[in-house]
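Here is the structure we will look at, set down as structure tokens.
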Amino acid sequence: MNFLEGYKLKSLGTLLVVLLVAAAGCDTTSSDGEDNENEQIEVPDTYEFTRNGESTVAYPGQTDRLDMVEEMKAYISTAHQGEVISEQALLDMFENKDGNGGGHFSFTSDRDLKSKTFAPDLDNNLFEGFFADAEAASENGSAGIRAQNGVAGLLEREDSGSDILVDEKGREFTQLVEKGLMGAVFYNQIFNVYLTDERIGPNVENEELREGTNYTDKEHHFDEAYGYFDAPVDFHSDWPDARTDELRFWSKYSNGSDPLLGFNDTIMDAFIRGRTAIVNDNQTELDEQVQVLYENLELLSAATAVHYINSTLQHLNNSNQGEAFHALSEAWAFVNALKYSPQRVISTDQVDQILNSDFGENGNFWNVTSSGLNNAKATLVDLYPDLEPVQDQL
């Protein structure tokens, strides 16, 4: 080989290296034009993401807190059979004393509910007040004192023939605590913690894996928001009846309104696309999907509130007071949850008007009227126009 031939081969080799490097650089450019060292992925059909063949999705803390609320509700429900329940037991469960709710949880965990409420000075006082009132009401119930206006105790649900424990205003404790914590903890944590720039914004670590894990901080934070929604990874619209026992809390209520409003597909698609955007380092796409979640989770809470207002109206018309108060207690919690959205359509004054006037003067269910309930419903439908065509079918 002469000098000229050798030089040509060397030049050709250099050119090939340059071309290969350039081609590799194209593969690491995200759809919004930003450089990204992560491999680009397509949007999957389910909420399943892997790295090196292993899942990158984990949210054990969220699962623990959902389990805690389930077991708190089950404990309060024992009062429906005349048992006396303990304020201290509920306080221990709320703060998860000794990692097992003071011995009242069936599992151990280093998580708690109390530190995750929206406004501890207000919300914690609210729930701790419910706990104290629930103990006193259960003592009345155990003594055979029936609930009436101004007196807490047991109240019969006419359709089932079973009792519920209510406060002096007729509000059912299981619903105030369970659905209340769905708002003050689950809904609040999604909106005000995990979907914020502090957790999934452009400056959050998304290249280095968190030590000892298979995920980045940004991936994990978004998964934790998903964990509070708590849907199966393949959740979708037209969810089969045979799998409804897999749903609880927000995913359960999403499924309830899905036939009319399509929440399952809309919310799951936003979660899946948002998580894909994080893998692809596409902040613009992520922000768009977060906005979809803010809007539709708020709409879901409003739709569920309207559903329970409709149920309350039906039971009042049939003079089924216990059934009406059960439904209205749920409506109370879903309206109350609306105030936790940082982008809320409804104002705090409107929430207060519904809870403390439309649902009975001073929030006393014994004074509720059909006129007040219809006013609350009209307020919600006016604020959330997507509900207008289906307001009477919810």
Side-chain angles (χ1 to χ4, degrees), residues 69 72-73 76-77 117-119 122-131 133-134 137 147 149-150 152 155 157 164-188 249-250 252-253 256-257 298-316 320-341 344 346-381 383-384 387 394:
V69 172
M72 289 180 75
K73 179 187 179 183
I76 297 171
S77 295
T117 56
F118 175 71
L122 297 175
D123 290 331
N124 291 349
N125 287 339
L126 174 68
F127 288 102
E128 289 168 3
F130 289 158
F131 303 155
D133 291 344
N149 192 354
L155 180 68
R157 289 183 62 181
I164 54 175
L165 187 71
V166 301
D167 68 7
E168 74 282 358
K169 294 182 178 181
R171 302 179 303 177
E172 183 183 346
F173 285 105
T174 54
Q175 305 309 319
L176 296 180
V177 173
E178 179 200 18
K179 306 305 190 304
L181 289 171
M182 280 178 62
V185 176
F186 305 165
Y187 188 89
N188 156 54
F249 301 115
W250 286 108
K252 172 185 173 181
Y253 287 98
S257 297
E298 182 176 350
L299 182 62
L300 168 57
S301 193
T304 308
V306 169
H307 165 75
Y308 283 116
I309 290 171
N310 285 339
S311 180
T312 304
L313 283 164
Q314 178 182 357
H315 289 305
L316 279 181
N320 292 340
Q321 191 169 58
E323 296 293 346
F325 285 9
H326 169 75
L328 191 54
S329 297
E330 301 200 70
W332 184 98
F334 284 104
V335 171
N336 188 64
L338 291 169
K339 70 185 183 185
Y340 297 114
S341 172
R344 62 183 178 273
I346 196 169
S347 70
T348 54
D349 286 344
Q350 288 168 320
V351 169
D352 183 70
Q353 167 68 30
I354 293 174
L355 298 184
N356 295 306
S357 182
D358 294 340
F359 285 0
E361 185 179 358
N362 296 319
N364 187 343
F365 290 1
W366 297 95
N367 299 325
V368 72
T369 65
S370 295
S371 175
L373 291 169
N374 281 315
N375 188 66
K377 178 179 174 180
T379 297
L380 293 169
V381 170
L383 290 168
Y384 302 94
L387 302 182
L394 283 168

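Heads up: numbering here begins at 1 and tracks the sequence.
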Quiz prompt | Under 3.5 Å: donor-acceptor pair, side chain of N362, backbone of N364 | solution = no
Practice problem: With the side chain counted from C-beta on, respond yes when Y253 and H307 share a heavy-atom pair under 4.5 Å apart, and no when they do not. | Solution: no
Quiz prompt | CG-OG distance between N367 and S357, expressed to the nearest 0.5 angstrom | solution = 10.5 Å
Self-check item: Distance in Å, Y340 OH paired with T117 OG1, rounded so as to fall on 0.5 Å steps
Solution: 7.5 Å
Practice problem: First locate atom CD of E172, then atom CZ of R157, and finally report the distance between them rounded to the nearest 0.5 Å. | Solution: 6.5 Å
Quiz item: Going by heavy atoms in the side chains, are T312 and F359 under 4.5 Å from each other?
Solution: no
Quiz prompt | Criterion side-chain contact (heavy atoms from CB on, under 4.5 Å) on L373 and L316, from CA distance to verdict | solution = CA-CA 10 Å; L373 291 169; L316 279 181; 3.6 Å; yes
Exercise. Search all heavy atoms of Q175 against all heavy atoms of A333 and return the closest pair with its distance.
Key: O-CB, 4.1 Å
Practice problem: Determine, stepwise, if the pair Q350 / L383 fulfils side-chain contact (heavy atoms from CB on, under 4.5 Å). | Solution: CA-CA 10 Å; Q350 288 168 320; L383 290 168; 3.6 Å; yes
Quiz item: Mind checking whether Y308 and L328 have side chains closer than 4.5 Å, heavy atoms only?
Solution: no
Quiz item: Looking only at atom types and distance, does a side-chain atom of D123 sit under 3.5 Å from a main-chain N or O of A119, one as donor and one as acceptor?
Solution: yes
Quiz prompt | Over all atoms of both residues, closest heavy-atom pair of S301 and A337 | solution = OG-CB, 3.8 Å
Exercise. For ring pair (Phe, Tyr, Trp, His ring centres under 6.0 Å), just list the numbers for F334 and W250, CA-CA rounded to whole Å, side-chain angles, deciding distance to a tenth of an Å, and then say yes or no.
Key: CA-CA 11 Å; F334 284 104; W250 286 108; 5.6 Å; yes
Self-check item: Identified side chain to side chain contact (heavy atoms under 4.5 Å, CB included) partner of F365 from the options K169, Q321, R171
Solution: R171
Practice problem: Using a 4.5 Å cut-off on heavy atoms from C-beta on, say whether the side chain of N310 contacts that of K377. | Solution: yes
Practice problem: Take R344 and L338 through the test side-chain contact (heavy atoms from CB on, under 4.5 Å) and record every step on the way to the result. | Solution: CA-CA 7 Å; R344 62 183 178 273; L338 291 169; 5.9 Å; no
Quiz item: Under the side-chain contact (heavy atoms from CB on, under 4.5 Å) criterion, do V177 and K73 qualify, and how do the steps go?
Solution: CA-CA 7 Å; V177 173; K73 179 187 179 183; over 6 Å; no
Quiz item: Parallel, tilted or perpendicular: which fits the ring planes of F127 and F130, with parallel below 30° and perpendicular above 60°?
Solution: perpendicular
Quiz prompt | Main-chain N/O of S370 paired to N374 side chain as donor or acceptor, under 3.5 Å | solution = yes
Quiz item: Hey, does L387 have a side-chain heavy atom less than 4.5 Å from the side chain of L299?
Solution: yes
Quiz prompt | Contact summary for T304 and L300, nearest pair of heavy atoms | solution = OG1-O, 2.8 Å
Practice problem: Enter the distance from L176:CG to N336:CG here, rounded to the nearest 0.5 Å. | Solution: 9.5 Å
Quiz item: Distance from K339 atom NZ to L355 atom CG, nearest 0.5 Å?
Solution: 7.5 Å
Practice problem: For residues G372 and D358, report the shortest heavy-atom separation together with the two atoms involved. | Solution: O-CB, 3.2 Å
Quiz prompt | Non-hydrogen atoms of I164 and G322 that approach each other most closely | solution = CD1-O, 3.9 Å
Practice problem: Taking all heavy atoms of A134 and all of L165, pick out the closest pair and write down the distance. | Solution: O-CD2, 3.6 Å
Quiz prompt | Check: I346 and L380 side chains under 4.5 Å, non-hydrogen atoms | solution = yes
Quiz prompt | Distance (rounded to the nearest 0.5 Å) between Y384 OH and E298 CD | solution = 3.5 Å
